[in-house]
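For this chain, numbers begin at 1 and follow the sequence in order.
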Amino acid sequence: MNTPSRLVNRVMARSMDEVELVEAKKQSQHEMKRTLSWWDLMWFGMGSVIGSGIFVLTGLEVKNHVGPAVVLSYVISGISAMLSVLCYTEFAVEIPVAGGSFAYLRVELGDFISFIAAGNILLEYVIGGAAVARSWTSYFATLCNQDSDKFLIQVKTLPHNYNQLDPLAVLVLIAVSIFAILSTKASSRLNYIASFVHVIVILFIIVAGLTKADAKNYSDFAPFGARGIFQSAAVLFFAYVGFDAVSTMAEETKNPGRDIPIGLIGSMVMTTLIYCMMAVTLCLMQNYSKVDENAAFSVAFEAAGLRWGKYIVALGALKGMTSVLLVGAVGQARYLTHIARSHLLPSWLARVNPRTGTPINATTIMLFATAIIAFFTSLDVLANLLSISTLFLFSLVAIALLVRRHYAHGATKKSDVAKFCVCISLIVGSSVASAVYWTRTEGWFGYAVTVPLWLVGTMGIWILVPIAKKAKIWGVPWVPLLPSASVGINIFLLGSLDMASFKRFGYWTLILVVYYLLVGLHASYDIAKLRDHNNNKEKENQLNLDEENQNNGVLALSQSSGN
């Protein structure tokens with residue numbers, strides 16, 4: 001009965017920085033420990049990213065969609081990721097809380113949009129952890145000198161893509177989650193030790209692999225054309241998504257204004273360079289048509305006559321993927337914790353253990369969900385579904401940054417709000433049109449219309465809409481150009497994903513909307529009303545106290561005059 005009126009009240013209700021920084025954190029009962037420095041964040045960034053896409057998806061994409069031109073796919077997705085990193089960094093510095101992008105969107109785009117994005121954030125982590133865990137099993141099999149699918153259990157009665165059960169992936173997820181529960185600082189130390197070893201192994205892969213390079217393998221550089229390059233860029237975006245988890249650790253960072261920009265941006269630059277060098281090495285070692293889909297680098301070393309090297313490669317891949325799983329377990333629990341702080345999810349998920357300083361309940365729930373998906377679902381299904389959720393989320397964060405800079409409630413003129421909305425519509429609409437045009441035709445004429453429209457929207461914000469709020473500590477340069485470019489590239493890459501991925505994304509989003517209308521909306525409305533009531537009561541008590549003090553002052557003054 002109350003749903004329509006409450007929906008109108010909450011659909012665009014925006015939180016405030018102070019609410020996310022102070023009031024929301026009280027729901028956890030205990031503070032998270034501030035133990036992380038930029039050095040920790042740098043290695044968390046490296047550990048969260050390197051080891052997922054490069055080992056998990058490169059072989060699959062090289063063989064089926066892009067060939068040696070995979071290096072261009074990594075460059076494109078790397079540029080897109082860097083633009084998103086810049087947007088994330090400004091928010092993480094200004095709002096250093098465990099909620100990451102959920103908190104950022106809640107402040108700038110409102111309650112409803114932040115919840116839909118939050119649901120996709122959680123899906124992103126579950127799918128990503130499951131994909132890496134399954135690839136962990138494949139590389140472990142090659143380390144044991146077995147076929148990459150040796151430890152998978154075939155069940156013919158189950159549907160295709162869900163009939164290869166992976167119990168080893170479940171055991172690995174349990175192990176890393178236990179470590180994530182025990183201590184964030186201990187997880188950090190384990191991560192940068194493992195990541196340091198992993199970087200040494202990567203250098204070995206590049207140097208040793210290039211000794212077996214054959215330029216003939218690059219003769220057919222782009223066998224699937226430009227379409228294959230962008231399609232792979234959309235999928236390989238998965239290789240960069242780990243930095244999102246690092247932003248959730250801002251609440252546990254000693255000096256967010258200094259440490260977060262160094263940690264996030266520095267790790268992304270190093271990661272992109274490493275990815276491109278490894279992609280070139282793989283395709284020079286082996287013809288793209290012979291690359292193994294599940295354990296590409298290990299098999300390439302064996303095929304090149306470096307059989308002994310495949311064991312080093314497999315061991316390095318396992319170390320890298322273990323780091324990815326560890327950072328993912330830490331990050332996803334913090335997302336869930338902050339969402340529960342807003343009462344959109346049960347509040348017991350927000351609790352922080354007083355002894356370990358970690359969110360044990362949230363970590364356990366995310367482990368359970370990830371383990372179920374990893375047990376049943378094949379890698380190609382997981383990879384496509386992850387990328388669509390990530391690209392959608394990063395587009396929203398970029399839009400939220402534009403809103404943060406150019407809109408202030410109660411201060412921005414209605415005429416400026418109207419101009420801003422028109423410009424945002426042009427940016428998003430032209431980006432969607434470019435993506436749709438890309439899927440429907442191989443021509444280029446349509447971009448002569450859509451790209452200028454995107455430019456008009458971007459320049460319109462710059463020229464017509466005044467800045468409402470400047471960054472206090474660290475800000476993205478060249479606003480609105482860089483956030484607008486992030487929106488354009490992310491949406492364009494979305495157009496390169498298959499229809500099945502959009503259907504799964506749509507089904508999951510529909511489930512989130514139903515949950516929000518039936519449960520989340522009412523919980524959020526009730527807590528907002530309770531907060532308003534408490535604030536009004538505090539103001540009333542303060543007014544009464546001020547009035548009492550004033551009366552006492554007048555009385556004291558009159559008594560003094562009488563004497």
Partners of Thr458 by side chain to side chain donor-acceptor pair (under 3.5 Å), sequence neighbours excluded? Ser484
Within-4.5 Å side-chain heavy-atom neighbours: Leu122 and Ile339: yes
Measure from the side-chain N and O atoms of Ser431 to the backbone N and O of Ile427, and report whether any donor-acceptor pair falls under 3.5 Å. yes
Is there a donor-acceptor pair closer than 3.5 Å between any side-chain N or O of Thr439 and the backbone N or O of Val436? yes
What I want to check is whether the side chains of Asn361 and Thr364 have a donor and an acceptor closer together than 3.5 Å. no
Can a donor-acceptor pair be found, under 3.5 Å and without considering hydrogens, that links the side chain of Ser84 to the backbone of Ser80? yes
I need the full list of ring pair (Phe, Tyr, Trp, His ring centres under 6.0 Å) pairs touching residues 202-235, with sequence neighbours left out, sorted by first then second residue. Phe204-Phe301, Phe204-Trp308, Tyr218-Phe221, Phe230-Trp438, Phe230-Phe492
Step by step, would you call Thr253 with Asp259 a side-chain hydrogen bond (donor to acceptor under 3.5 Å, both in side chains)? CA-CA 7 Å; Thr253 302; Asp259 296 337; 5.8 Å; no
Between Leu173 and Ala374, which heavy-atom pair has the shortest distance, and what is it? CD1-CB, 3.9 Å
Between the main-chain N or O of Tyr437 and the side-chain N or O of Thr441, is there a donor-acceptor pair closer than 3.5 Å? no
List the steps, then state whether side-chain hydrogen bond (donor to acceptor under 3.5 Å, both in side chains) holds for Thr58 with Tyr275. CA-CA 10 Å; Thr58 303; Tyr275 277 175; over 6 Å; no
Looking at every non-hydrogen atom in both residues, tell me the closest pair between Gln332 and Leu367 and how far apart they are. NE2-N, 4.5 Å
Quick one: does any side-chain atom of Ser430 pair with a main-chain N or O of Val451 as donor and acceptor, under 3.5 Å? no
I need the single residue from Leu282, Val280, Thr281 that forms a side-chain contact (heavy atoms from CB on, under 4.5 Å) with Leu284. Which is it? Val280
Which atoms form the tightest heavy-atom contact between Ala398 and Val487, and what is the distance? CB-CG2, 3.6 Å
Do you know the tightest heavy-atom contact between Ile229 and Val66? CA-CG2, 3.8 Å
Please confirm whether the backbone N or O of Ala208 pairs with a side-chain atom of Thr211, one donor and one acceptor, at under 3.5 Å? yes
Classify the ring geometry of Trp136 against Phe140: parallel below 30°, tilted from 30° to 60°, perpendicular beyond 60°. parallel
Please indicate whether Phe368 has more than 12 foreign heavy atoms, meaning atoms of other residues, nucleotides or ligands, lying under 6.0 Å from its CZ. no
Donor-acceptor under 3.5 Å (Asn120 side chain, Ala117 main chain): no
Could you go step by step and tell me if Leu494 and Ile388 meet the side chain to side chain contact (heavy atoms under 4.5 Å, CB included) rule? CA-CA 6 Å; Leu494 279 171; Ile388 193 171; 3.6 Å; yes
Whether Glu90 side chain and Val476 backbone form a donor-acceptor pair below 3.5 Å: yes
Going by heavy atoms in the side chains, are Pro223 and Pro68 under 4.5 Å from each other? yes
Is the backbone N or O of Leu264 less than 3.5 Å from a side-chain atom of Ser267, with the two atoms forming a donor-acceptor pair by type? yes
